[in-house]
Each structure stands twice: as C-alpha cells, then as structure tokens.
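As structure tokens, the structure follows; a few thoughts come after it.
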Amino acid sequence: MDKAYLDKFYKKSLTERMDALVDANILSSDDLLLNEGLLLSDELADNMIENYLITYQLPLGAALNFLVDGKDYVVPMAIEEPSVIAAASSGAKIIAQAGGFKTTISERIMIGQVALKNIPDISLAKSNLTNHKKDILKKANAAHPSIVNRGGGAKDLSIRVIEQDEEAATPEFLIVHIHIATMEAMGANIINTMMEGITGYLETLTGGTALMSILSNYATECLATATCQIPVHLLKRNDFSGEDIRDRLIEAGQLAYVDPYRAVTHNKGIMNGIDAIVLASGNDWRAISAGVHAYASRSGQYRALSSWRKAENGDLIGDLTLPLPVGSVGGSISIHPAAQFSKRLLGYQSAKELEAVIVSVGLAQNFSALKALVTEGIQKGHMGLQARSLAISAGATGKAIEQVSEQLKYAKNMNLATAKELLQEILS
Ligand code: NDP
C-alpha cells in the first residue's frame, strides 16, 4: 500500500477517492468499472431471502489510518450514521503514531448445544456422556466430514446442568456442549448440522428428551483482543494537557465499568465501528452483537467492554476483548458483491486477520468517543457532520447542501427548523 495517495482522502471527490485507492495499490483498475456490478441483482437478492421486494441500501465508506500488527489497512464500513467513519479514522491516526494496534486472537472454537430434559438420573447420564465422548465427537464429525478434511471439526465435549428453578417454573436441563473448530467459516450451519446429527445418540445415552440442538452465539472460545499504548504528548488538545486527557479518559472507562446506564452507551459507541465493518464484510452482525453484549455481562453486571489505564511510564494503555466468530467464507460473504469489494479493500487473508482489524476498529472508535466526551463534548464533532443530514432533511439539494450545512455549524440552534430557515434564505 502506498499511503501517500490517501492523503486528505476526505477532501477528495468520489472519483478521486476510487482513483487514489487504485494508485495506492489497494484496489485494482477493474474495481473502477464495477460500481453497477456491486449492487445486488434482483435475481441474487430473491435467492438470498424470502418474499424479496427491494434492496435497502446503506453507504459504505473507508476508514483510514489503521495500523494493525504492523500492517496498514483501509477499512470498509457500511453505516448510515454520520461521524462514525471520521471518528474511527482520527482515533486510528493517533494510535498509528503511537505504533498502532497489537492484537491477540485465540483459537477459533465455536460451541454447539444440545439441550436435554426429563433425564431420569443426572449422574448416570453425565458418566455415560463422559465415557462415550470419543463416539459422540466421531458422530458429530461424521455429520459434517468436509470440515474435518479442512483440519477442523468437533474437538471436545463439556456438560452443564441447569438446575430446576421452582420460582421460574423451569425444568432441569442437561446441556451438552460440543467445541468445534470451524476454520475459516463462522460455522452456524456446520454446527447446527453436527448437533442435529448427534441428538438421537445423546437421547439414548442420557435417557432424556432433546428440546433443541443449535450453536450458541456466545462464542467465549473465539476471542479477539486489541491493545494500544499512547504517549501523552499525542493526546494534548486545545486547553487540555495530555496528562489531563489521559486521566479523564481512564475515569470515563471506570464510569462505564461501574454504571450500566453509561456502559450501554459506551459499548454502543464501540459497536458503531464493529457493526459497520462486520456488515460490510458480509458477516452476520446480529450474531456478533448478541455475543458481544452477553460478553459485556459476563461478571453478572453489564459493563464496559474496553478498559483504559496508565502505564508505568505515564502512557495511556487501552484494551478491548470481544468474542468475534466472523468468517472469511460462507453465508453471504462469497455471494454478495459488496462483501467481495470489502474483502479486496481490506485485503485480509483469513478470518483471524479480519478479527484483528474488527477489534481494532472497536478500540479506535471507543478512544475517539471518550476523548471527545471528556474534552469538548460529543456534539461539536458529531453535529458538524450531522449538518449535512439536517440540510438534506430540510430539502436542500446540490450545492445548497454544502451552503446550508456550513451555515448550520455557526447557528445558535443546529436543528431541522434552523436548517429549513437557512434553506429558505438561500433559495429566496
Ligand atoms: P455456510 O454454511 O454458508 O458456509 C460454511 C461452508 O463453507 C463450510 O461448510 C464449508 O463447506 C465451506 N468452506 C469453504 N472453505 C472453508 C474453510 N476454509 N473453512 C471452513 N469452511 C469452508 O456458513 P456457516 O456455516 O459459517 O454459517 C453462517 C451462516 O449461518 C450465516 O449466513 C448466518 O447468518 C447463518 N445462521 C446463523 C445462525 C446464528 O447465528 N444463530 C443460525 C443459523 C444460520 P465444505 O467444507 O462442504 O466445502
């Protein structure tokens, strides 16, 4: 990647941006001809979902300045909210000056569940399952042999007993977890096939009745961590010293650790970035969101996903850990033309590399949001970029969008009513 071509990317026209990505050796010149080809055809969309009518579009933009494990990335983000891509890029820029993100990606093990009830003897059922562990794993693998040929498959088994809860009137459940390496796939279909393939055998071994067999989206064995360490001189802003911003940012993280009302908003900011790249990559963002929010509650209280602390030398250290069972194949990744475009733009080679970038985007987003919150507040930057949406909502088109949004930035009340007044003045 030749980053020099990406300088002042946000000031370029759409054509100049695409040309710059080709000149920087990120996209190929074929991508310039593809704009129409990136849209979902009616035929493809009709085969993706049921009762298809139209395609609902979202803008896809590029976040810049991401240096992750020593490699530069331009990150595709599909999102309707203004300011998210700008915030990710500006956070990543400071972090790149500090050496970039370092990531740790765990093994990619997903969990499948078979939930059984009406077990006559729980301890006998448990010992039967343990004694037949090899056979159970073998049967699971036989249900989806191609993943075994790829080096993955069912690796382990664990058992959980959820006791009867008289107050909630729930029966006792015995839940069998199968731990499965799904390689480059997120694995929902692989896992579901395997779980259904062993259900009857588990009923025989336990004497119970299966209630359901499906993957768990709580992917606690597929974790990605990003860290960054930022010297205080890179944090200084206006009247705030770097030390002051570092300390306030650490306190902001602490507040989101102890207060669930704040934690939800703190994590929503992280998910602004995560959802946008997960969606752009063609992965199932509902699956990721569900798992991430459950992970935020793993202590029994919903807490901040990220944490910020002071290093011994006074630097600011941030880290973020998330369950990220994304795939580089499967689902709509290989068939959605925009997901394929995202793959070329990001240039990732494996699901682990995609995880590394996604978790870094979340940390960059969190850093930018907290930095704004503990200094000038969120509205200044956010509403500056929101001005364009307000101008369009007020009815502005063409050059009037720029004129109204520029004047809105200096207006006492930046809202729709003001935008309408400004538009009338411009048009009269
Ligand atoms: P797919 O079934 O679409 O694709 C996985 C397949 O890709 C594998 O079975 C494998 O088939 C093939 N493949 C090719 N190369 C590789 C490789 N290197 N590593 C692994 N597999 C490879 O997708 P998933 O099983 O990942 O399931 C994801 C989809 O399931 C998403 O669309 C999601 O929305 C949906 N879903 C999600 C649920 C949830 O989250 N709760 C529930 C149900 C569905 P082969 O080996 O035979 O070539």
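Just follow the structure's listing: the first ligand is 1, and inside any ligand the first atom is 1.
Those atoms of ligand 1 that come under 4.0 Å of a heavy atom in M183, given as number and element, are 19 (N), 20 (C). Near A287, with a cut-off below 4.0 Å to any heavy atom, the atoms of ligand 1 are 40 (O). For ligand 1, the atoms sitting less than 4.0 Å from at least one non-hydrogen atom of T182 are 19 (N), 20 (C), numbered in the order shown with element in parentheses.
Ranking the protein heavy atoms by distance from atom 7 (O) of ligand 1 puts V329 CG2, 4.2 Å first. Here the protein heavy atom with the shortest distance to atom 43 (C) of ligand 1 is N192 ND2, 3.8 Å. Closest to atom 19 (N) of ligand 1, if we only count protein heavy atoms, is E184 N, 3.1 Å. For atom 45 (P) of ligand 1, the nearest protein heavy atom (residue, atom name, distance) is S146 OG, 3.4 Å. Shortest contact from atom 25 (O) of ligand 1 to any protein heavy atom: N189 N, 3.0 Å.
For Q301, the CD atom sits in a packed shell: over 12 heavy atoms of surrounding residues, nucleotides or ligands are nearer than 6.0 Å. Residue K3 qualifies as open at atom NZ: its count of foreign heavy atoms under 6.0 Å is 12 or below. For M212, the CE atom is loosely surrounded, since the number of other residues' heavy atoms within 6.0 Å does not exceed 12. Heavy-atom neighbours of Y295 OH from other residues, nucleotides or ligands within 6.0 Å: above the threshold of 12. Heavy-atom contacts from other residues, nucleotides or ligands closer than 6.0 Å to CD of Q57 number 12 or fewer.
Heavy-atom separations between N283 and ligand 1 are all 4.0 Å or longer.
Looking at S334, G331, A185, it is G331 that brings a heavy atom closest to atom 23 (O) of ligand 1. The closest non-hydrogen atom to atom 41 (N) of ligand 1, taken over N149, I190, N217, I214, comes from N217. The option with the heavy atom closest to atom 37 (C) of ligand 1, from among S328, S332, A188, S216, is A188. Around atom 24 (P) of ligand 1, the closest heavy atom drawn from G330, G187, G152, A290 belongs to G187. Across the listed options R150, H144, M186, H144 owns the non-hydrogen atom lying nearest to atom 9 (O) of ligand 1.
D165 and T170 share no side-chain donor-acceptor pair at under 3.5 Å.
Here the side chains of L370 and W308 are in contact, with some heavy-atom distance below 4.5 Å. Put simply, the side chain of D31 reaches to within 4.5 Å of the side chain of F341, judged on heavy atoms. Two residues are said to be in side-chain contact when any heavy atoms from C-beta on lie closer than 4.5 Å; V361 and M77 meet this criterion.
With a 4.0 Å heavy-atom cut-off, ligand 1 is reached by no atom of I191. The proximity of D284 to ligand 1, defined as any non-hydrogen pair under 4.0 Å, is limited to the side chain.
Taking a cutoff of 4.0 Å between a charged side-chain nitrogen and a carboxylate oxygen, D284 and R286 qualify as a salt bridge.
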